[in-house]
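Report on the following structure.
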Amino acid sequence: MRQAPYKLYLPEDKLPTAWYNLRADMSNRPAPMLNPGTLRPLAPEEVYPLLVEELVRQEFDDETRYIDIPGPVVDYYKTYRPSPLCRAYHLEKALDTPAKIYYKFEGNNTSGSHKLNSAVAQTYYAKQQGLQKLSTETGAGQWGTAMAMACAYFGVDLRVYMVKVSYRQKPYRKAVMETYGAGVIASPSEQTQAGRAILARHPDTDGSLGCAISEAIEAAVGTDSCRYVLGSVMNHVLLHQSVIGIEARTAMEMLDEYPDVIIGCAGGGSNLGGLMSVYLTDKLTGRASPRFVAVEPLSCPSLTRGRFAYDFGDTAHLTPLVKMYTLGCEYMPHPNHAGGLRYHGMNPVLSQLYHDGVLEARAVGQRSVFEAAALFAAHETILPAPESSHAVRAAIAEALRCRETGERKTILFGLSGTGYFDMTAYGSYLDGTMTDHEPTDEDLAPALAALPKVD
Ligand SMILES: *Cc1c(COP(=O)(O)O)cnc(C)c1O
């Protein structure tokens with residue numbers, strides 16, 4: 001067989017025209033969202049005042065296997081997709097492994113991540129509904145940037161609540177968002193009740209995604225013609241990210257390759273869920289049995305140490321109740337350097353799959369993550385985002401195991417983005433001030449004990 005190319009870009013006529021909704025193929029589907037007041041399953045109409053209607057319909061749709069991507073969204077995708085499927089020849093050589101390492105690189109756009117795939121779709125549907133404003137939060141800044149880009153293109157106003165630690169660590173992220181016309185506020189802020197309440201209790205807090213979400217929701221509900229959008233965790237976000245997996249699978253098929261193991265970092269689960277989506281069908285129908293591995297930070301271990309329970313998506317309890325693996329919505333993760341992985345919960349589909357033993361999970365420390373990132377950068381030339389580097393770490397570990405056993409496994413991992421705005425983090429890795437923070441059981445106990453009592 002001829003040697004696989006270093007990078008494979010699909011031709012435009014092979015780009016996906018529909019998203020794949022993996023819930024349609026699950027026999028054990030995620031539990032319904034609940035109204036926190038009545039503890040009854042939520043009706044879609046109940047969240048229309050908060051979320052864009054078409055996104056709510058997608059969120060509740062467990063039946064439709066393929067959902068057409070609207071034409072204007074496909075056209076926007078064409079400005080930065082396909083993303084390349086890359087073969088890590090140089091890294092394989094450096095590791096002296098018999099394994100074949102492939103990665104799908106999503107960092108080739110200004111947001112520097114896969115987030116744009118969903119931002120464009122969400123903004124398009126908001127515009128279709130006639131909305132003039134959107135409000136959201138951002139942790140590391142990639143989602144805020146992606147939304148700023150999409151809103152600039154479709155002509156929608158955007159306000160972004162940015163977790164304070166990122167706001168400080170990444171001032172240029174803010175400048176990029178503002179260049180695209182977005183308003184950016186450090187969270188917790190004095191502008192919302194949720195923000196003021198947190199500041200009263202924890203005046204020195206670095207903020208958290210859960211808290212920024214509360215502020216963005218409060219702002220959306222209190223503003224005319226405004227809705228709230230979310231860049232991860234929700235099932236409709238996973239749906240949009242399926243373009244990653246569909247493209248990867250088509251490209252792998254062109255190379256006559258099939259992955260033995262699929263690896264992704266998991267904050268809220270959208271890039272991993274998107275990458276594994278079309279391969280999951282094979283596993284659920286018994287056609288093939290690839291392994292799926294979620295990689296999370298030791299400091300925010302939702303899957304590996306959280307509980308599978310109903311919880312709120314935000315600190316101020318403004319969201320519906322979602323059944324997921326969670327550390328408790330009051331958990332304030334240590335300010336590690338992978339802002340996009342610092343969320344207390346996990347997407348309900350991935351949570352269910354983990355609970356059913358279909359998905360594996362591991363937690364890794366950030367120093368070993370940056371060590372992997374530097375090795376990857378040296379050999380593959382791309383400087384990975386700290387979040388993505390969690391997947392790099394696990395892929396390298398898998399390849400090194402193959403060196404021990406002599407197995408020629410095919411590894412596919414998601415390189416969800418680039419780390420050009422994360423140089424403070426790289427700097428602290430290089431000067432030796434970076435620490436690994438692993439919460440003790442006592443650290444985790446209070447937020448777990450405060451989980452809402454549902455069943
Ligand atoms: C946001 C982000 C993540 C984490 O979000 P998921 O929904 O778990 O994919 C991972 N990598 C990058 C580069 C991100 O921006």
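From a predicted model like this one, the values you see are computed outputs, not experimental measurements. We number each residue from 1, following the sequence as shown. All ligand and atom numbering here is 1-based and tracks the order in the structure. Basis for what follows: all heavy atoms, side chains included, without hydrogens, waters or symmetry-related copies.
Taking the ring axis of Phe308 as reference, the NZ or CZ atom of Lys323 stays within 45° of it and closer than 6.0 Å to the ring centre. Cation-pi contact between Arg249 and Tyr279: present, with separation from the ring centre below 6.0 Å and deviation from the ring axis of at most 45°.
Between the side chain of Thr179 and the backbone N or O of Ala175, at least one donor-acceptor pair lies under 3.5 Å.
By the side-chain hydrogen bond (donor to acceptor under 3.5 Å, both in side chains) test, Asp62 pairs with Arg23, sequence neighbours left out. Applying the side chain to side chain contact (heavy atoms under 4.5 Å, CB included) rule to Ala99 yields the partners Thr97, Ala399, Cys402, Ile411; only residues at least two apart in sequence or on another chain are considered. By the salt bridge (Lys or Arg N to Asp or Glu O under 4.0 Å) test, Arg307 pairs with no residue at all, sequence neighbours left out.
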Report each N/O pair between ligand 1 and the protein that falls under 3.5 Å, naming both atoms.
{"from": "ligand 1", "atom 1": "7 (O)", "to": "Ser232", "atom 2": "OG", "distance (Å)": "2.5"}
{"from": "ligand 1", "atom 1": "7 (O)", "to": "Gly269", "atom 2": "N", "distance (Å)": "3.4"}
{"from": "ligand 1", "atom 1": "7 (O)", "to": "Ser270", "atom 2": "N", "distance (Å)": "2.8"}
{"from": "ligand 1", "atom 1": "7 (O)", "to": "Ser270", "atom 2": "OG", "distance (Å)": "2.7"}
{"from": "ligand 1", "atom 1": "8 (O)", "to": "Gly267", "atom 2": "N", "distance (Å)": "2.7"}
{"from": "ligand 1", "atom 1": "8 (O)", "to": "Gly268", "atom 2": "N", "distance (Å)": "3.1"}
{"from": "ligand 1", "atom 1": "8 (O)", "to": "Gly269", "atom 2": "N", "distance (Å)": "2.8"}
{"from": "ligand 1", "atom 1": "9 (O)", "to": "His114", "atom 2": "NE2", "distance (Å)": "3.1"}
{"from": "ligand 1", "atom 1": "9 (O)", "to": "Ser270", "atom 2": "OG", "distance (Å)": "3.3"}
{"from": "ligand 1", "atom 1": "9 (O)", "to": "Asn271", "atom 2": "N", "distance (Å)": "2.8"}
{"from": "ligand 1", "atom 1": "9 (O)", "to": "Asn271", "atom 2": "ND2", "distance (Å)": "2.7"}
{"from": "ligand 1", "atom 1": "11 (N)", "to": "Ser416", "atom 2": "OG", "distance (Å)": "2.7"}
{"from": "ligand 1", "atom 1": "15 (O)", "to": "Lys115", "atom 2": "NZ", "distance (Å)": "2.7"}
{"from": "ligand 1", "atom 1": "15 (O)", "to": "Gln142", "atom 2": "NE2", "distance (Å)": "3.3"}

